[in-house]
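Throughout, numbering of the chain's residues begins at 1 and tracks the sequence.
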Amino acid sequence: MVISIIIVNYNVKYFLEQCLCSVRKATSTIESEVFVVDNNSSDESILYLKHRFPYVHFIYNEENLGFAKANNQVLQQCKGDYILYLNPDTIIPEDCFEKCIEFFEKTSDCGAIGIKMIDGSGTFLPESKRGFPSPIASFFKLTGLSELFPRSPIFNQYSLGYLSPFQNHRVDVLAGAFLMAKSSIIQSINGFDEAFFMYGEDIDISYRIQKSGYNNYYLADSTILHFKGESTKKGSLNYVKMFYSAMSIFVHKHYSGNKARIFSLFIHTAIVLRAVLSLLKSFVVKVGMPLLDALIIFFSLWFVKNEWTIFVRNGIDFPLDNFPLAFFSFTIIFLVTGAVSGMYDKPDKPLKTFFASISGIVLVIAAYSLFPERLRFSRSVVVLGGIFAAVAITIFRWSLLKINWIEPSDEEYKFQQTAIVGTIEEYERVYAIFSHAGIEERIIGRISVNNYNEYSIGDIKELKVLLNKLNIKELIFCEGTLTNYLIIQLVQTLPRTINYRFIGNNSDSIVGSDSKATSGETLASEGFYRINESYNKRMKRVVDIFFSLYLLFTFPIQALFVKRITTLIKNSIWVLSNNFTWIGYTAKEINLPMLKKSVITCYGLPVNTVHPLNNEALHHLNLQYAKNYDFWADIKILFKNYKHLSGQ
């Protein structure tokens, strides 16, 4: 046996499907074995994948054991000369394993190999190669200085940004997303340290491989796609805490004395700084944006008034005594009008913010004559102050967007034009998935990959021209006639502004991670269902909470109308504690956004009731519920089917 591949899965079955498709092709000429350890996924990953990949050894855990422990579960079963730890959200080119093995054979001191990784938009991932997390390197990473100076050998020691990603290098730390090592070495150091749950375990094992007398290498000769699964957002406070916890384990294990104390001091300082930034970001984005806009408007008016006094009125102030009240009144009108005009609907669109601000100026001027005499002083100051405020607010939005404090919206993505790169058969398969999701109208045509241009809008050789001329914003790459190797090469050369999706040969899912609409799920299952949008998820939970509280507070009255009052109270408590939802699907749905167990179905009957409709009709009902979700419809269903809330 040449290679044993271990993949730990947690709720990313569609990514895993694409990963296994690519692994199957990459190992077609290599004797191999594949283990998938599922850490108690709730998306029925094994049920979905087991019959599709019968050669894979699936192991299911009844609890989430963490990354390190799950990998170690199958270590003693591995028979390969090499062991590859692989993330499920990766796509491997056909020549990847052959090049890795060739490098091992040519490099006698090589103990483990990492690979060049790009994300779903084709951007190089700096974690492909890293240095050991010294106190100063960790401090620069957690404070964000490494991101500000990515190529600095001082500030970006952690990601080795000063080393070319296009050349092979000897490095300290390899990423756990793709870590290939000699089996004898992994066995001798007993795999991962199970003290690490998430993050840090790859640093620790890289360190111990070097301690065993071998070197770790970054290999740029091959490139893989790594979608960076959606478990924890990088840069979030939760991520920083988890990273710090992992680093603390690493420090106490491998460092001692003053070095350990200095390390802890640096990390704690970085944690405080990142926490302050995180809280400030939350305040600005969720609460403080209108307040900050109001301050910008108020002081813009005040600034223009003072400059007007100096340069136009020769230092003679306006006779008005009540400037604060006047500016406060103008600010409120300006802000409310701008908000109604969409200033906060799309904060990621600075130009829209500017035009919404201009509408505020128009209304202020229109209402100016209606103001009492004591609040009127100069239309010119109001207009210029408003324009100054509009520009300042627009720059403020643009700045927040540049530092990623404002997330780009997905509105354009939902309605963008999509082209499918593949054969006619592959095109039809993707079209069926789009049709199932109800978004087939977005597809504008097929781009040929085999010189058979009939029923196509062009050939792959014309891809860049087609993207530009036809305003294509999304490409679906079909692996089959088109190899994973070529797809990965293309993604690195095409514009970063395009959304790229990928579907493996004979698979039923389309994946990609650059869109806010799909959040790391397949296009067919999670994309474009209203029930999957953040607002509707929140409102569904709000309905659950308020209706549960209503039933609990009025249970003596409910006892007059409901026979099984005890069951009703129990159901209310279960829903309130977020273990259940009041309304769900009529049956288990693998290919729709996941919902919690429900008390009643969207049909209105209690769960497990025999429905008068057939399975196809019930699936269509579930599909419509997910696609067209409206919390008002939930409220209507609850009151209309009141008697069923206790399971009657």
Side-chain angles (χ1 to χ4, degrees), residues 118-123 225 227 342 345-356 394 397-398 401-402 404 406-424 426-479 481-482 486-503 510-519 521-524 526-530 533:
I118 60 172
D119 66 14
S121 68
T123 303
L225 275 170
F227 296 103
D345 292 342
K346 294 181 181 179
D348 62 313
K349 306 294 181 187
L351 197 59
K352 183 175 178 62
T353 299
F354 177 78
F355 288 116
T394 302
R397 290 288 192 283
W398 179 84
L401 194 62
K402 284 297 179 183
N404 296 319
I406 294 178
E407 295 288 345
S409 67
D410 61 356
E411 289 302 312
E412 289 184 5
Y413 171 77
K414 290 182 179 180
F415 303 103
Q416 66 194 1
Q417 297 192 101
T418 300
I420 300 168
V421 187
T423 64
I424 291 178
E426 291 164 347
Y427 170 85
E428 290 173 347
R429 182 156 51 95
V430 173
Y431 188 90
I433 294 175
F434 268 64
S435 180
H436 176 74
I439 53 171
E440 65 274 15
E441 70 280 354
R442 280 180 34 202
I443 298 176
I444 65 170
R446 178 180 75 92
I447 298 176
S448 171
V449 297
N450 54 3
N451 295 319
Y452 184 72
N453 292 328
E454 189 176 358
Y455 307 115
S456 75
I457 57 175
D459 189 78
I460 194 170
K461 300 184 186 69
E462 310 167 290
L463 193 52
K464 289 186 178 179
V465 175
L466 291 169
L467 292 176
N468 183 38
K469 296 299 183 183
L470 298 180
N471 196 30
I472 296 169
K473 294 301 182 183
E474 179 180 61
L475 280 180
I476 311 290
F477 286 108
C478 302
E479 180 270 322
T481 302
L482 199 62
L486 184 55
I487 292 171
I488 291 171
Q489 296 305 311
L490 282 170
V491 169
Q492 294 178 81
T493 61
L494 294 172
R496 299 287 186 267
T497 54
I498 305 297
N499 289 325
Y500 300 108
R501 301 285 173 265
F502 310 88
I503 177 169
I510 303 168
V511 301
S513 66
D514 53 291
S515 164
K516 304 302 175 188
T518 56
S519 299
E521 277 295 355
T522 70
L523 194 64
E526 291 291 332
F528 320 113
Y529 291 100
R530 291 194 64 189
E533 294 177 350

Checklist outcome for this item: In this structure, CG of L475 is separated from CG of L494 (nearest 0.5 Å) by 7.0 Å
Checklist outcome for this item: Here the gap from Q417 atom CD to E474 atom CD, rounded to the nearest 0.5 Å, amounts to 11.0 Å
Next on the checklist: Quick check: closest heavy atoms across G422 and C478, and the distance to 0.1 Å?
Outcome noted: CA-CB, 4.2 Å
Item to check | CD1-CG distance between I444 and L466, expressed to the nearest 0.5 angstrom | outcome: 8.5 Å
Checklist entry - Side chains of L486 and F477: does their closest heavy-atom pair fall under 4.5 Å? => result no
Item to check | Intermediate values then yes/no, side-chain contact (heavy atoms from CB on, under 4.5 Å), F434 and I510 | outcome: CA-CA 10 Å; F434 268 64; I510 303 168; 3.9 Å; yes
Item to check | Residue of the set I503, I420, I424 for which side chain to side chain contact (heavy atoms under 4.5 Å, CB included) holds with R429 | outcome: I503
Next on the checklist: If you apply the rule side-chain contact (heavy atoms from CB on, under 4.5 Å), what do you find for V430 with T418, and how did you get there?
Outcome noted: CA-CA 11 Å; V430 173; T418 300; over 6 Å; no
Next on the checklist: What verdict does the side-chain contact (heavy atoms from CB on, under 4.5 Å) test give for E479 and F502, after you've listed the backbone C-alpha separation in whole Å, the side-chain angles of each residue and the deciding distance to 0.1 Å?
Outcome noted: CA-CA 7 Å; E479 180 270 322; F502 310 88; over 6 Å; no
Item to check | 4.5 Å side-chain heavy-atom contact, L225 and I118 | outcome: yes
Checklist entry - Between S121 and V491, which heavy-atom pair has the shortest distance, and what is it? => result C-CG1, 3.8 Å
Checklist entry - Considering residues at least two apart in sequence or located in another chain, which fulfil the side chain to side chain contact (heavy atoms under 4.5 Å, CB included) criterion with T423? => result E425, E426, V449, N450, T481
Checklist entry - Quick one: OG on S435 to CD on E441, what's the gap to the nearest 0.5 Å? => result 9.5 Å
Checklist entry - Residues in side chain to side chain contact (heavy atoms under 4.5 Å, CB included) with N468, at least two apart? => result none
Checklist entry - Rounded to the nearest 0.5 Å, what separation is found between the CD1 atom of I457 and the CG atom of L470? => result 5.5 Å
Checklist outcome for this item: dist I472:CD1 -> L463:CG (nearest 0.5 Å) comes out at 7.5 Å
